[in-house]
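Here the structure is laid out as structure tokens; the discussion comes afterwards.
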There are 2 protein chains.
Amino acid sequence: MNTLSYGLLSLLTRNSRTGYELMQNIQPFWQAKHSQIYPLLAQLEQKGYVEFVHVPQSDKPDKKVYSLTDNGREALKKWIAQPTDEPVVKDELALKVFCIGLVDKEQARKVLHEREVYYQKKKERFAQSFERIKQDSAKPLEELEIHDPLFGLYVLIQKATLKADADLVWCEWMKSKLK
Amino acid sequence: MNTLSYGLLSLLTRNSRTGYELMQNIQPFWQAKHSQIYPLLAQLEQKGYVEFVHVPQSDKPDKKVYSLTDNGREALKKWIAQPTDEPVVKDELALKVFCIGLVDKEQARKVLHEREVYYQKKKERFAQSFERIKQDSAKPLEELEIHDPLFGLYVLIQKATLKADADLVWCEWMKSKLK
DNA sequence: CTTCGTTATGTCATTATTGACATATCCATT
DNA sequence: AATGGATATGTCAATAATGACATAACGAAG
């Protein structure tokens with residue numbers, strides 16, 4: 001069982017989801033393509049950690065809605081207690097910035113601008129996520145307790161927002177350096 | 001040529017380095033083991049993007065000190081002008097936090113504490129990096145221009161520091177939630 | 001005196017991940 | 001009318017990345 005497999009189980013603690021949705025929803029924590037997700041789901045099903053129901057659709061292709069089994073939930077608890085790997089980052093932009101002095105300011109600004117747009121979109125997405133869970137939640141978000149099903153999502157969006165802010169502050173600072 | 005190969009060339013713009021040093025120095029931007037670096041360096045040498053001199057050592061094993069060729073520098077410039085991939089993140093902790101409600105507060109605190117130590121160490125490392133380049137630099141860091149060889153390093157440490165701060169703010173906030 | 005960590009390079013089998021192909025329907029744009 | 005994107009699932013060859021093995025010498029800790 002690799003980390004991504006546990007990640008899929010993690011998502012299923014809150015909602016039943018299709019493979020396609022799992023692929024989309026796991027992106028903020030772990031970038032993976034559908035070609036990796038589907039085989040892992042088949043494995044998880046074989047192990048008895050998830051089960052699925054076939055849902056026929058007329059307008060779109062049929063789907064398989066996966067949900068977590070009790071076995072899956074137990075496996076998750078054990079996984080949480082294990083030591084946690086440090087985050088892995090692969091950042092092409094950072095590598096380019098390291099040797100940005102090779103090109104002129106004009107081009108450096110272009111490289112930076114691309115990424116600034118990306119960070120801004122990211123921040124907007126998180127703001128939308130906050131809105132969505134605010135509507136789902138009975139209580140004000142600040143009062144959510146650890147066992148509230150929305151808690152995990154809330155604290156992660158909080159973290160992502162803090163990071164996106166840090167990225168944007170850096171972009172502004174960097175732009176002033178390239179004037 | 002994959003991104004990591006260009007990353008190695010990027011590092012060599014500032015200093016000649018051994019494979020072992022490259023493996024260490026690239027960690028903040030791109031986590032890779034020596035078993036991946038050495039074969040890539042051999043490829044880069046074959047392509048004429050880097051060259052090396054053999055340096056015998058008596059106390060430690062001999063080393064190969066790699067440096068960038070003009071061809072390598074040209075390849076780098078072309079790479080910078082290409083569209084940049086978005087950063088890849090694989091964060092096991094984030095996945096655990098998503099379903100942290102499965103365990104009790106005590107265990108959740110334990111999981112968080114592990115990572116807090118990690119973020120603190122990270123911040124210290126960046127503070128040390130700042131100290132080091134301050135000593136290397138003739139000017140105050142704030143006045144570095146894009147073509148200064150220290151510029152890329154300076155802006156990256158700035159970014160990493162901002163991010164580490166954001167992570168620590170989140171840890172504090174999270175701890176207050178787990179009281 | 002032995003074991004462990006660091007420096008230093010390298011190979012290789014296994015595993016993780018991607019990109020391309022394949023199929024099918026709907027909707028919006030050109 | 002055709003093209004492209006979203007939804008939805010799947011396979012498979014190719015590439016990326018890891019973990020284990022191998023060698024070797026030093027210093028420190030036990």
Side-chain angles (χ1 to χ4, degrees), chain A residues 1-8 11 15-27 29-47 50-67 83 85-92 95 125, chain B residues 1-8 11 15-27 29-47 50-67 83 85-92 95 125:
Chain A
M1 285 278 289
N2 57 24
T3 306
L4 182 52
S5 299
Y6 286 108
L8 297 174
L11 293 184
N15 285 122
S16 294
R17 291 168 154 99
T18 66
Y20 191 80
E21 286 170 330
L22 284 167
M23 181 266 291
Q24 291 181 312
N25 300 153
I26 207 160
Q27 296 304 318
F29 321 123
W30 199 286
Q31 286 86 52
K33 316 286 173 192
H34 72 273
S35 49
Q36 196 181 6
I37 306 279
Y38 289 126
L40 288 180
L41 279 172
Q43 275 178 229
L44 288 170
E45 204 254 323
Q46 234 183 358
K47 289 206 170 92
V50 299
E51 51 192 16
F52 68 89
V53 284
H54 208 95
V55 178
Q57 296 186 122
S58 54
D59 52 332
K60 289 178 226 171
D62 299 353
K63 58 185 180 182
K64 289 176 169 185
V65 177
Y66 287 87
S67 49
D85 283 342
E86 292 176 0
V88 170
V89 175
K90 313 223 153 157
D91 192 343
E92 187 174 4
L95 292 169
R125 271 206 306 279
Chain B
M1 286 277 289
N2 58 24
T3 305
L4 181 53
S5 298
Y6 285 107
L8 298 173
L11 294 185
N15 285 121
S16 294
R17 292 169 154 98
T18 66
Y20 191 80
E21 286 170 331
L22 283 167
M23 181 266 292
Q24 292 181 312
N25 301 153
I26 207 160
Q27 295 304 318
F29 321 123
W30 199 286
Q31 286 86 53
K33 316 286 173 193
H34 72 273
S35 49
Q36 196 182 7
I37 306 277
Y38 288 127
L40 289 180
L41 278 172
Q43 276 178 231
L44 288 171
E45 203 254 324
Q46 236 183 358
K47 289 206 170 90
V50 299
E51 50 191 16
F52 68 88
V53 284
H54 209 94
V55 178
Q57 298 186 119
S58 55
D59 52 333
K60 292 179 224 169
D62 298 354
K63 58 187 181 182
K64 289 178 171 182
V65 178
Y66 287 86
S67 50
D85 283 343
E86 293 176 1
V88 170
V89 175
K90 312 222 153 157
D91 191 343
E92 188 174 4
L95 291 167
R125 270 207 307 278

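Put simply, the side chain of B/S35 and the base of D/dG19 share a donor and an acceptor less than 3.5 Å apart.
Between D/dT9, D/dA24, C/dC26, one nucleotide has an atom nearer to the side chain of A/D59 than all others, and that is C/dC26. Checking C/dG10, D/dA24, C/dT11 against every side-chain atom of B/P61, the shortest atom distance belongs to D/dA24.
Side-chain nitrogen and oxygen atoms of B/K64 include at least one within less than 4.0 Å of the OP1 or OP2 phosphate oxygen of C/dG10. Taking side-chain N and O atoms only, B/Q36 has a distance below 4.0 Å to OP1 or OP2 of D/dT18. Look at B/Q57 and you won't find any side-chain N or O under 4.0 angstrom from OP1 or OP2 of D/dA25. Phosphate contact (OP1/OP2 of D/dT9, side-chain N/O of A/Y20, threshold under 4.0 Å): absent. Phosphate proximity of D/dT9 to A/Y38: present, with a side-chain N or O under 4.0 Å from OP1 or OP2. Phosphate contact (OP1/OP2 of D/dG27, side-chain N/O of B/K60, threshold under 4.0 Å): absent.
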Can you check side-chain contact (heavy atoms from CB on, under 4.5 Å) on A/I26 and B/L95, steps first, answer last?
CA-CA 9 Å; A/I26 207 160; B/L95 291 167; 4.1 Å; yes

Between B/L44 and B/Y66, does a side-chain contact (heavy atoms from CB on, under 4.5 Å) hold up when you go through it step by step?
CA-CA 10 Å; B/L44 288 171; B/Y66 287 86; over 6 Å; no

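B/M1 is listed as a side-chain neighbour of B/K47, based on a closest heavy-atom distance under 4.5 Å.
Here the straight-line distance linking atom CD of B/Q31 with atom NZ of B/K90 works out to 11.0 Å at 0.5 Å rounding. Considering CG of B/L8 and CZ of B/R17, their distance stands at 10.5 Å, rounded to 0.5 Å. The line from NE2 of B/H54 to NZ of B/K63 is 11.5 Å long, rounded to the nearest 0.5 Å.
Straight-line distance from the OH atom of A/Y6 to the C1' atom of C/dA16: 16 Å, rounded to whole Å. Across the protein-nucleic acid pair, A/Q31 atom CD and C/dG19 atom C1' stand 17 Å apart, rounded to whole Å. A straight line from NZ of A/K63 to P of C/dA24 spans 21 Å, rounded to a whole angstrom. A/H34 places its NE2 atom 14 Å from the P atom of C/dA22, with the value rounded to the nearest Å. Atom CG in A/L4 sits roughly 16 Å away from atom P in D/dA17 (whole-Å rounding). Rounded to whole Å, atom C1' of D/dA17 lies 11 Å from atom CD1 of B/I37. Taking atom NZ of residue B/K90 and atom P of nucleotide C/dT15, one finds them 17 Å apart after rounding to whole Å. Taking atom CG on A/L41 and atom P on D/dT11, their separation rounds to 12 Å, with Å as the unit.
Each of B/Y66 and A/K33 was matched to the nucleotide of DNA chain C holding its nearest heavy atom; the match closer to the 5' end belongs to B/Y66. Residues B/V88 and B/Q24 each lie close to DNA chain C; by heavy-atom proximity, the contact nearer the 5' end of the strand is made by B/Q24.
Using a 4.0 Å heavy-atom criterion, one finds that A/E21 contacts no nucleic acid atom at all. Heavy atoms of A/A42 sit nowhere under 4.0 angstrom from any nucleic acid atom.
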